[in-house]
Asks: 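Structure below; questions to follow.
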Number of protein chains: 2
Amino acid sequence: MNLPAPLQAVVDALQKLPGVGAKSAQRMALHLLKEGPQAMEHLGSLLTQAAHRVGFCERCGAFTDQPVCSICQDSKRDPAVLVVVAEASNVLSFERLGQFRGRYFVLGGLISPLHGVGPDQLKIRELLKRLEDHEIQEIVLALNPTMDGEATAAWLARVLESLGLKVTRIGMGLPMGSDLEYADDLTLSRAMEGRRLIKS
Amino acid sequence: MNLPAPLQAVVDALQKLPGVGAKSAQRMALHLLKEGPQAMEHLGSLLTQAAHRVGFCERCGAFTDQPVCSICQDSKRDPAVLVVVAEASNVLSFERLGQFRGRYFVLGGLISPLHGVGPDQLKIRELLKRLEDHEIQEIVLALNPTMDGEATAAWLARVLESLGLKVTRIGMGLPMGSDLEYADDLTLSRAMEGRRLIKS
């Protein structure tokens, strides 16, 4: 005997979520059942609602339930700094900090010759259009320190600098709390390159 | 800026699931978003369906999407052995083994004087009614080896034995792969009590 079919379908779907294995998917589904059918139905309708209402900001590509996201609408944001990220979820990581007051642009991916992704598949045209807004003075490339991220940053830097724009890249080096002994060579070499004068 | 409200509602609900923290709830929700709204809506409708269709077996109390579950309906099951468990989810644990061919009865909880749960709140009457089926020859109490489980087992054994029924309890002792050195005293004492002759 297996689980009743409708329950098994839920377990199978939960199991596709990141970090959820067979056992925890079953535990989640059973937990919902134990809470009563209301709990399960509630989560169901929340998901359905979110699926219908959450999309991408027309202007920057971040997640939003409005045509233009709250960051793009926020007049208190610094219009001079634009952070370019690969994915909409990356915006959330920076916003979690609550420190950065500029705006964002989501590329929708990274250039990846190995996976056949070229600049044409990214929102480069939209980015260039966005840059016609002459308030922007600095473009911060916040792309993953991976092969694809490096390739995309290099490509973008070339294009944007040729337009006379100031292009920076977020710092790379040892993560806080880590140990020199366990750092890989590339990280160490980037950390050396990124060294700064200590201000006392 | 926070997540769009409908997305935050999903994250909040996911976070109530067992073993899901703030970060993994957000990761799950974002994963669903990235998969496209279809994936999120799909999970939503599966949950809604399951909430409507999955209930408890009229006969044994296990999860089912029919009035009587597939185990109770299965004529190849041994009618002589009835395993009494506390929760519907316990049935799944035994069925996962695929070795036991008897049937089950779900008590719906354990006697717990500390939490004010007495025999009246459990399905004792339903169990006794089920035992009018004279095919049942052995009742296996498969209750947690906790204080409440022990109390319930002792109470049930007294009642059922007074009816002239054979009552057994699942074995208690060291779990497979564990280490004597780290076993608690009660487990060790149960393991000693439960010792068996090695058949060679």
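In what follows, every heavy atom counts, from backbone to side chain, and hydrogens, waters and symmetry copies are set aside.
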Asks: Is B/Val11 reachable from A/Phe56 through a run of hydrophobic residues whose side-chain heavy atoms are each under 4.5 Å from the next?
Replies: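 Shared cluster, yes.
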Asks: By a 4.5 Å heavy-atom criterion (distance strictly below it), what part of B/Glu35 contacts chain A: side chain, backbone, both, or neither?
Replies: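 The answer is neither part of B/Glu35.
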Asks: Examine whether an atom of B/Lys16 lies under 4.5 Å from a heavy atom of chain A, and if so say whether it belongs to the side chain, the backbone or both; otherwise answer neither.
Replies: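 Backbone only.
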Asks: Under 4.5 Å, heavy atom to heavy atom, which residues of residues 110-125 of chain B contact chain A?
Replies: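 Result: none.
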Asks: Looking at chain B, which one of A/Ser24, A/Gly44, A/Ala88, A/Gly19 has the largest number of heavy-atom pairs inside 4.5 Å, strictly under?
Replies: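 Of the candidates given, the most pairs with chain B belong to A/Gly44.
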Asks: Assess whether atom CG of A/Asp184 is packed by more than 12 heavy atoms of other residues, nucleotides or ligands within 6.0 Å.
Replies: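 Yes.
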Asks: Nearest 0.5 angstrom please: A/Phe63 CZ to B/Lys34 NZ, how far?
Replies: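 So the CZ of A/Phe63 and the NZ of B/Lys34 are separated by 7.0 Å.
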Asks: Please report the interatomic distance CZ(A/Arg27) to CG(B/Leu92), rounded to the nearest 0.5 Å.
Replies: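 If I round to the nearest 0.5 Å, the distance is 14.0 Å.
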Asks: At a 4.5 Å cut-off on heavy atoms, which part of A/Leu33 comes close to chain B: side chain, backbone, both, or neither?
Replies: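 The side chain, not the backbone.
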Asks: Do the side chains of A/Arg96 and B/Gln26 get nearer than 4.5 Å, heavy atoms only?
Replies: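 The answer is yes; the side chains approach within 4.5 Å.
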Asks: Looking only at heavy atoms, which two atoms of A/Glu41 and B/Thr48 are closest? And how far apart?
Replies: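 Nearest pair, atom of A/Glu41 first, then B/Thr48: CG-CG2, 4.0 Å.
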Asks: I'd like to know which of B/Asp12, B/Asp74, B/Val54 tops the heavy-atom pair count under 4.5 Å against chain A.
Replies: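 Greatest number of close heavy-atom pairs with chain A: B/Val54.
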Asks: Is there a path of hydrophobic side-chain contacts, each under 4.5 Å between heavy atoms, that joins A/Leu131 and A/Tyr104?
Replies: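 As far as the 4.5 Å side-chain criterion goes, A/Tyr104 and A/Leu131 are not connected within one cluster.
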Asks: Counting C-beta onward and ignoring hydrogens, is there a side-chain heavy-atom pair between B/Asp65 and A/Leu7 closer than 4.5 Å?
Replies: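 Contact flag for B/Asp65/A/Leu7 side chains = no.
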Asks: Should B/Ile170 and B/Leu107 be regarded as members of a common hydrophobic cluster, given that ILVMFWY residues are connected when their side-chain heavy atoms come within less than 4.5 Å of each other, either directly or indirectly?
Replies: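 No, no single cluster joins them.
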Asks: Minimum heavy-atom separation for A/Leu46 and B/Val10, please, with both atom names.
Replies: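 Looking at all heavy atoms of both residues, the closest pair is O-CG2, 3.5 Å.
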Asks: Within a radius of less than 6.0 Å around CG of A/Asp179, do more than 12 heavy atoms belonging to other residues, nucleotides or ligands occur?
Replies: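 Atom CG in A/Asp179 is packed in, count exceeds 12.
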Asks: Verify the cluster assignment for B/Leu127 and B/Val83: are they in a single hydrophobic cluster under the rule of side-chain heavy atoms below 4.5 Å apart?
Replies: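 B/Leu127 does not cluster with B/Val83.
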Asks: Cluster question for you: counting only ILVMFWY and a side-chain heavy-atom cut-off of under 4.5 Å, with indirect links fine, are A/Val84 and A/Val106 together?
Replies: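 As far as the 4.5 Å side-chain criterion goes, A/Val106 and A/Val84 are not connected within one cluster.
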Asks: Highest number of heavy-atom pairs under 4.5 Å with chain A: which of B/Gln66, B/Glu87, B/Arg53, B/Gln49?
Replies: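 Looking at each of B/Gln66, B/Glu87, B/Arg53, B/Gln49 in turn, B/Arg53 comes out on top.
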Asks: Just to be sure I understand the criterion: a residue of residues 134-162 of chain B counts if one of its heavy atoms is under 4.5 Å from a heavy atom of chain A. Which ones qualify?
Replies: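 Counting heavy atoms that sit under 4.5 Å from chain A, no residue of residues 134-162 of chain B is involved.
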Asks: Under 4.5 Å, counting heavy-atom pairs only, tell me which of A/Ala50, A/Ala9, A/Pro18 racks up the most with chain B.
Replies: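 Result: the option with the highest number of such pairs is A/Pro18.
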